[in-house]
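Structure first, then comments.
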Amino acid sequence: MMRTARLIATSAAALALAGCYGPQSALAPRGDEAERVHTLFWVMTIGGGVIFLGVLIVAALAIFGRGRVREWIASPRTIFGAGLVFPAATLTVLLAYGLLVMAARAPAPDGAVFARISGEQWWWRVTYVLPDGREVESANELRIPVGQPVALALETADVIHSFWVPQLAGKLDMIPGRTNVLTLHATSAGISRGQCAEYCGGAHAFMAFHVVAMPPEAFSAWLEQEAGPARVAAADGQAEGYRIFDGLGCGGCHSIRGTSARGSIGPDLTHVGGRLSLAAATLPNTAEAFASWITDNQHIKPENRMPAYQVLAEDELVTLSRYLESLE
Ligand code: CUA
C-alpha cells in the first residue's frame, strides 16, 4: 500500500515537473532575456522559501519555545529589526535587482526592425523586413537566427494581444495605435512555442505560434526561399487545386505569392505547407487538417472570421487540401 502511494506520488511529481520543461516553459530558457528572467525566478523563489521557513521557525518558537526565547521574540528590538528593518531592506534589494534585470534588456540592434508582428483575432501576421527593404509576409510562425539579437515591432490590428515566448523573453503587450519593440536573442537552436498572453476574445486560447531559432546560414537560406513565390507547379493557376481555391474566392482573403490570390484579410498562404502547424498552432500541418479547417473551422476556432466551406464535393476538398499542403 505504502509502495503504491509512493509510486503514485513520485509519478505525479515527475509529471508535474516534466510540464515545467516543455517548449513553452520559462524554466527552460533558450534566450538571453529568458535566462535573466529564469535567474530572477529562482532568486525570488529560493529567497522567499528561506524567509518563509524562518518565519515558521520563529512562529514555532513563539508558541513552543522556552521563556527566554519567547521574551527575545517579543522584545521591541526584535520586532523593530525583524518586522520593519529586515523586510524594508530585503524588498529594497529585490526591487533594485529587479530593476537591473529589466534595464539589462537587450536594446534593438542598430534600430533595425527584423520583423513586424501583428496580433489579429486569433492569429499572428508576421512580416519580415529584409535589410534591402523588401517585406515578406508570413503567419503564425517566426524564424530567427541563433546568436543575433532581432528586434520585433509588435502591433495589433484589433484588440490588445500579448506576445509571449517564455523560452526566449518576457511578454510584451500589443496595443492598438502603438508599436512596442521586443528584442529576441536566441542562444541555442530549437523550436519554442509562444502563446497570446492577454485575453482577446473567445478563441484567445487558440492563439499560439512557434518560434524556430536556426543557425544563421540555414536561416538566410530559409528566408531567401520564404521571400520567393510558392514553389509548386500547381501554383501557375492551371492546376486543379488552385482552380478550386480561386473558384471559392479564397484569394479575396488570402495571398499566395506567384498567383493572383492577393487577399490580405487572412493569413498569407504562400508557404503554408512548410509551417509547423495550422490555424495558429491549433492543428497539425497535414492535408486532413486543412480539410477539417476548411469545412469545420467554426468548431475548431469559434467565431474566427473565416466562414466554414461545406459546399465542396469530397474529392474537391481532398484536392484543395493537398494543394495547400504542398505550398512549401
Ligand atoms: Cu490574442 Cu489573446
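The structure displayed is predicted, hence computed values, not measured ones. No hydrogens, no waters, no symmetry mates; every other heavy atom, side chains included, goes into these values. Atoms within a ligand are numbered from 1 in the order they appear, just like the ligands themselves.
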* If only atom types and distance count, is the side chain of Gln167 paired as donor or acceptor with the main-chain N or O of Ala26 below 3.5 Å? -> no

* To do: State whether the number of non-hydrogen atoms from other residues, nucleotides or ligands found under 6.0 Å of Phe41 atom CZ is greater than 12.
  => yes

* Check the angle between the aromatic planes of Phe219 and Tyr128 and answer parallel, tilted or perpendicular using the 30° and 60° thresholds. => tilted

* Roughly how far, to the nearest 0.5 Å, is the NZ atom of Lys301 from the CE atom of Met306? -> 11.5 Å

* **atom 2 (Cu) of ligand 1: protein N, O or S atoms that are less than 2.8 Å away, sorted by chain** => Cys196 SG, Glu198 O, Cys200 SG, His204 ND1

* Is there a donor-acceptor pair under 3.5 Å between the side chain of Trp124 and the backbone N or O of Ser138? -> no

* Asked: Are Arg116 and Glu135 ion-paired here, with the side-chain N under 4.0 Å from a carboxylate O?
  -> yes

